[in-house]
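What follows is one structure encoded as structure tokens, with my remarks underneath.
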Amino acid sequence: MRAVVFGAGRLGCGLVGQALHAAGHEVVLVSRDPATAAHLDRAGGYRVRLVEGGAATTIDVSGVTGLALADRAAVTRAVAEADLVATSVGAHRLDGVAPALADGVRARGTRPLDVLAFENGEDPAGRLAALVGAALEGVPHRLGVAGVLAERIVSRVVGDVAGDEPRTFVADAAPRFVVDATRLVTELPHLPGMVLAEDFAAWVARKLSVFSAGHVAAAYLGALKGYRYVHAAVRDAQVRTLVAATMAEGQAGLAARYGAAVAGGSAHLEQVLRRFANAGLDDPVHRVAREPLRKLAAGERIVGTAVRAAEAGVRPEALATVAAAALCFFRRTGGTGHPAEVLSRVSGLDAGTELGASILTRCTELSPGVVPGNALLDLERRLWAVQAAPSSVVVDADTDLEVAA
Amino acid sequence: MRIAMILVKHPKSRHSPVMPQVTRLLREWGASVDVVQPDEEVTDLSRLPEADLYVLKSGTDLALSLAGALHEQGATVVNPYPAAVACRDKVVASRVLQRAGVPVPETWVTTRPRQLADLLEGGSLVVKPSRGSQGRGVTVVHRPEELADWPEVFGEPLIVQRWHRPDGVDRKLYCIGDQVFGVLRTFPARTYEDKVGRPYPVPAHIRDIVLRSGAAFGLRLFGVDVVESDGEPYVVDFSSFPGFKGVPDVALRLADHLYECARTAQSSGPAAVAS
């Protein structure tokens, strides 16, 4: 069996290629970077190092062929001959792979092909299907493009594509990836870790509302308290309690909408907390916390999850604190604008809503201490390591809230 | 990731849980941590443990010498040997701070304490051994006749500073990375709780003084004693890698910082690590 993976980055190699190789596929990795493709070809593959605390297992992924995306004829041939195709290029780069994929599908005639889209974002599989479909208009073909949700975190790559030695992708051990079974046109071979889901949307919501919400909670609260790594932040008792509360609020919203089985219980929360505590992932707080406005957007992991919890009758207090911490992070990393205006612009929440008021009140309490190099010593008492400057607080005329100037 | 801790063994009567906790956390996070206690064993100089990062927590002569040997062979040592040695000598340290514009009291050095009589006309003096630590041998001299008890020539260099009456309790300032922490401490400390003190939010101008003090030595792990007298702050002591007692979650914060130092040393080499 032969599989083509578009994208030779962290997830493409650290999960997709490894799972396909473990299932006996001959793996072709397509990279937009010719040097990466040449290196994979030269080294014959790479290694995946699965870590948990001090323990690690290294897996050799061998017999790999590297192809440059620009080598259109070879890529077309590989897709035409493949039993399965996957993408892991980043949702914003799907436009770049769609033409090559379409050429390959055209060459297959009506022989069916499934493409597994290991991408984040809003329905990337639908978008890729539309892009390829448009290129093949009027051409008979059978193509399924299914979204995939990967749980594994591939944190870093060790090695250099200029050398001859295989590179090593460092990841946590989570093997599971969930495939949207409703979009498939073939019967997929068994792949280790694969779950075929009919209710894919529920799985997406679960990841966003529990894992992703908890992950950014650890990052934003960890940043307030001055920690550098997520694994250190979740060792802080106050941060850990709030991260758990954040995820519990997420679960409450999920349970009301999709049922308790999808939401998961306390055992699931503990399992996720254990993953955050895994230092092998080397997750710096600032990397997880970047792009705070995107993460505060309506429907996203913080505000979207909070809205769903509120709809389920749970006051999203922990999520409101996380949102306030995200606004503080935005300001601390150079963001400007009145917090109420920023929140309203990115999430549609204003101070007139219960959730908006709750977030802005917490933001007001925290903002005066948010200066570079200042650590929050005690979240409950709002005790800062460095005295907050009183002059940095002003009262907003519209909301009567104290906000940072 | 390999880390070697150069530690001093405290007597059982001394409650000092921080470094064992730091070691435990770093091991939980997957680091291989060797504990070296050079004053407790015979160390083969050619078989020092290999490590990405050496953590110099002990200030004994032998620990410093070993850190110097490691420094010479290009190892990453936190805090670096040259700065640790400079901090240990209060004569050197005071001049480094003076030159950096840090407010330190007027300072003199001598081995002849009886010659301090004239200086007492300008106010009381604090006399301390230049290589003392933890308050050992610190004496406040108010009147010339108090100098009669001192020998003509003291056995080690003395550092003499103008004494400023403190406005309140002792202020211990600590720096871990770019973060400054303040602890108010009762003096003399009688219990472990007294030593731990309580955290207080540091005013911005004190934070600036603390950071300037650390920058003068190129250090990011250090402690500063500040006395405020008539509202004026004076830095009266500087220590490389102190115990950080009273800093909330101190073991976790230190482990987080050292993990980052070790990761940087591992991936980018010694030059990339600012202690």
Side-chain angles (χ1 to χ4, degrees), chain A residues 49 51-56 155-160 170 172 222-240 274 277-286 332 368-369 371-392, chain B residues 1-3 21-22 24-33 171-184 198-212 214-215 220 244 246-264 266-268:
Chain A
R49 185 173 163 82
V51 291
E52 190 155 13
S155 59
R156 64 184 195 278
V157 192
V158 181
D160 188 353
V170 183
D172 74 349
L224 278 183
K225 293 200 83 172
Y227 295 110
R228 291 165 175 76
Y229 288 95
V230 168
H231 61 249
V234 294
R235 285 299 295 258
D236 178 298
Q238 287 185 330
V239 172
R240 189 181 181 88
R274 269 201 302 279
N278 183 1
L281 295 177
D282 259 342
D283 240 354
V285 158
H286 277 249
R332 191 166 172 160
V371 292
N374 199 5
L376 184 59
L377 300 179
D378 189 316
L379 193 56
E380 283 153 21
R381 289 162 54 211
R382 305 288 194 254
L383 176 67
W384 288 91
V386 177
Q387 237 166 45
S391 60
S392 67
Chain B
M1 179 196 295
R2 295 162 307 169
I3 299 172
Q21 285 175 15
V22 170
R24 197 158 52 241
L25 280 165
L26 289 168
R27 283 181 177 150
E28 274 178 35
W29 293 342
S32 149
V33 184
R171 285 171 169 78
K172 298 278 183 187
L173 283 307
Y174 296 113
C175 184
I176 302 174
D178 63 348
Q179 291 160 12
V180 173
F181 303 92
V183 177
L184 293 179
R198 62 191 165 85
Y200 85 103
V202 181
H205 70 287
I206 299 288
R207 178 177 189 268
D208 290 345
I209 289 171
V210 174
L211 291 178
R212 207 182 318 153
R220 298 172 70 215
F244 297 98
V247 176
D249 303 302
V250 60
L252 185 55
R253 292 180 184 283
L254 279 174
D256 192 30
H257 179 76
L258 292 173
Y259 185 92
E260 187 182 54
C261 291
R263 175 60 74 221
T264 306
Q266 190 185 32
S267 58
S268 315

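All of these numbers come straight from a predicted model, not from anything done at the bench. Lettering of chains follows the sequences in order, A, B, ..., and the numbering in each one begins at 1. Every heavy atom of this structure was used, including side-chain atoms; hydrogens, water molecules and symmetry mates were not.
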Legend entry - B:P248 versus chain A, the contacting section by heavy-atom distance below 4.5 Å: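 Contact with chain A: side chain only.
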Inset, instruction - Check each atom of B:L25 against the heavy atoms of chain A and say whether the ones under 4.5 Å are side chain, backbone, both or neither. - result: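 Side chain of B:L25 only, per the 4.5 Å heavy-atom cut-off to chain A.
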Legend entry - Pi-cation contact, A:Y227 with B:R253 (under 6.0 Å, within 45°):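 B:R253 over A:Y227 ring: yes.
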Legend entry - Short N-O contact, B:R220 and B:D178, less than 4.0 angstrom: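 The answer is no: the pair does not qualify as a salt bridge.
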Legend entry - Contacting region of A:P372 [heavy-atom separation from chain B under 4.5 Å]: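 The backbone, not the side chain.
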Inset, instruction - On the 0 to 90° scale, with breaks at 30° and 60°, tag the B:Y259-A:H231 ring pair as parallel, tilted or perpendicular. - result: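 Perpendicular: the ring planes of B:Y259 and A:H231 meet at over 60°.
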Inset, instruction - Mind checking side-chain contact (heavy atoms from CB on, under 4.5 Å) for A:A223 and listing every partner two or more places apart, or none if nothing turns up? - result: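 Listed in chain order: A:V285, A:F329.
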Legend entry - Winner by heavy-atom pair count (cut-off under 4.5 Å) against chain B, out of A:V371, A:D282, A:N374: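 Greatest number of close heavy-atom pairs with chain B: A:D282.
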